[in-house]
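Counting starts at 1 for both ligands and their atoms, following the listed order. Fair warning: this is a prediction, and the values are worked out from it, not measured in the lab.
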Amino acid sequence: MRKMLLALLLCLSACAPQSGGKPLRFQTGYLDLFDTVTAITGYAKSQTEFDRFAETIRGRLEELHRLYDIYHEYNGINNLCTVNKNAGIAPVAVDKDIIGLLLLAREWHGLSGGAVNVALGPVLQIWHEYRTEGKELPPMEDLRKAADLTDINDLVIDEAAGTVFLRKAGMSLDVGSVAKAYAAGLAIQAAEEIGMRSALLDTGGNIVSLGRPPDNTRGHWSIGIQDPDRVAGGERDFVDTVYIAGLSVSSSGGYHRYYVVDGQAYHHIIDPDTMMPATRYKQVAVIHETPALADLLSTALFILPYEEGAALAGQCGAEALWIDIDGSRKATDGFAKYRQW
Ligand code: AMP
Ligand code: MG
């Protein structure tokens, strides 16, 4: 069984629409992008102006969704599915938004000590198939064989030629750990370029904030960090709330996508050391000014032992909250400052 829950983080900013020339608050959302829930909250002078902002965000996200799709190809473009199909065959000419994403992801493979690897496709594909089928665990022998085709050094990015090549047949990219927030960052940038000043964009638990909400005294967006044990309609919807402006918050959690075998849940974030779902935490939330880094870090910290994760967060200027399997919580020292209204 494959299960996707609604967005992990929700905007809690409680602001009623106003009149008298002040910006009004609007919201819209989609279910058809990046296989997740997308929500836009934004301020504008009118519905017409907000619609223009939202259409720009939607348009950019659609474009990036097509480029980063590993399951389908689209007429007239080469996307990551095209790159994967050409593994071991030929370099593929791709858009600069693919080159940018892959350069960043490759750099992060090293920074995360190999925990986050966008070339882990063959292993993730096996888990994806078994999760979709929902019956049993993948044989370790199959996972081991697939792991032989996950060396990030066999991802060749030629910036000058604008091409990407996977050296060995059978290799494949999976950018699920970073693509949503990377895309959200670019989409918010596009909206800012046409005049949007104040917005929150949530792509499945990756929240990017632009500016400040103009009708709230402190000018902070309130972001609820969803309880990983939440029962729909239950009382403890949020385990924490952070107040941010111009920053991003990303969460990685086992409960986003999982299936159950013999009474045990197996989720979608795979530790490359064991090739099994990472078992240290229920959820990790990361605050960083760069959307894609918040996303990459939340996946990395979900996999890494606490000491290594905390060191990495410190090195990157990120703040983080870890929720252990037993429900206990740890946070970086600086996380507390975002709890203050
Ligand atoms: P996130 O929700 O941002 O933590 O990303 C989870 C997604 O990243 C999964 O659904 C996979 O597509 C992909 N993924 C899982 N494990 C890894 C890993 N170790 N390295 C890179 N990508 C991964
Ligand atoms: Mg991530």
Is it true that D95 and R66 have a side-chain N and a carboxylate O under 4.0 angstrom from each other?
no
Side chain, backbone, both or neither: I269 near ligand 1, heavy atoms under 4.0 Å:
both
When you compare the side chains of Y182 and D97, does any donor N or O come within less than 3.5 Å of an acceptor on the partner?
no
Among all protein heavy atoms in this structure, tell me which lies nearest to atom 16 (N) of ligand 1, with the distance rounded to 0.1 Å.
I270 N, 3.0 Å
Students should be able to answer this: which protein heavy-atom is nearest to atom 8 (O) of ligand 1, and at what distance?
S177 N, 3.1 Å
Between V164 and the options D158, V83, L80, the side-chain contact (heavy atoms from CB on, under 4.5 Å) test singles out V83
Compare D174, N206, N117 and give the one whose heavy atom is closest to atom 13 (C) of ligand 1.
D174
Using a strict 4.0 Å threshold on nitrogen-to-oxygen distance, state whether R58 and D51 make a salt bridge.
no
When you compare ligand 1 with R257, is there at least one nitrogen or oxygen pair between them that comes in under 3.5 angstrom?
no
What is the closest protein heavy atom to atom 1 (P) of ligand 1, and at what distance does it sit?
T299 OG1, 3.3 Å
What protein heavy atom lies closest to atom 14 (N) of ligand 1? Include the residue and the distance to one decimal.
L124 CD1, 3.6 Å
Closer than 3.5 angstrom, by distance alone: can the side chain of S198 be matched with the main-chain N or O of G211 as a donor-acceptor pair?
no
Check this for me - ligand 1, A115, N or O atoms closer than 3.5 angstrom, yes or no?
yes
K180 versus ligand 1: do any nitrogen or oxygen atoms come within less than 3.5 Å of each other?
no
Tell me: protein heavy atom nearest atom 7 (C) of ligand 1, and distance?
G176 C, 3.6 Å
Taking the six-membered ring for Trp, are Y68 and F34 parallel (under 30°), tilted (30 to 60°) or perpendicular (over 60°)?
tilted
Could you check whether S298 and S250, counting side-chain N and O atoms only, form a donor-acceptor pair closer than 3.5 Å?
no
Check each heavy atom of I303 against ligand 1 and say whether those closer than 4.0 Å belong to the side chain, the backbone, both or neither.
side chain
Does V178 approach ligand 1 within less than 4.0 angstrom via side chain, backbone, both or neither, non-hydrogen atoms only?
neither
State whether D229 and K282 are salt-bridged, where the test is any N-O pair (Lys NZ or Arg NE/NH1/NH2 against Asp/Glu carboxylate O) under 4.0 Å.
yes
For atom 2 (O) of ligand 1, which protein heavy atom lies nearest, and how many Å away is it?
H268 CE1, 3.8 Å
Under 4.0 Å between a side-chain nitrogen and a carboxylate oxygen: does that hold for D295 and K180?
no
Do R280 and D324 sit within salt-bridge range, that is, some charged N less than 4.0 Å from a carboxylate O?
no
So, regarding D271 and ligand 1 (criterion: nitrogen or oxygen to nitrogen or oxygen, under 3.5 Å), is there a contact or not?
no
Give me the residue, atom name and distance of the protein heavy atom closest to atom 3 (O) of ligand 1.
D295 OD1, 2.9 Å
Apply the test side chain to side chain contact (heavy atoms under 4.5 Å, CB included) to residues L124 and H268: give CA-CA distance (whole Å), side-chain angles for both, the deciding distance (0.1 Å), then the verdict.
CA-CA 8 Å; L124 297 174; H268 64 132; over 6 Å; no
Metal check, the Mg ion (ligand 2) vs S298 N/O/S, cut-off below 2.8 Å
no
Taking the Mg ion (ligand 2) as the vertex, what is the angle from OG1 of T299 to OD1 of D295, given to 10 degrees?
180°
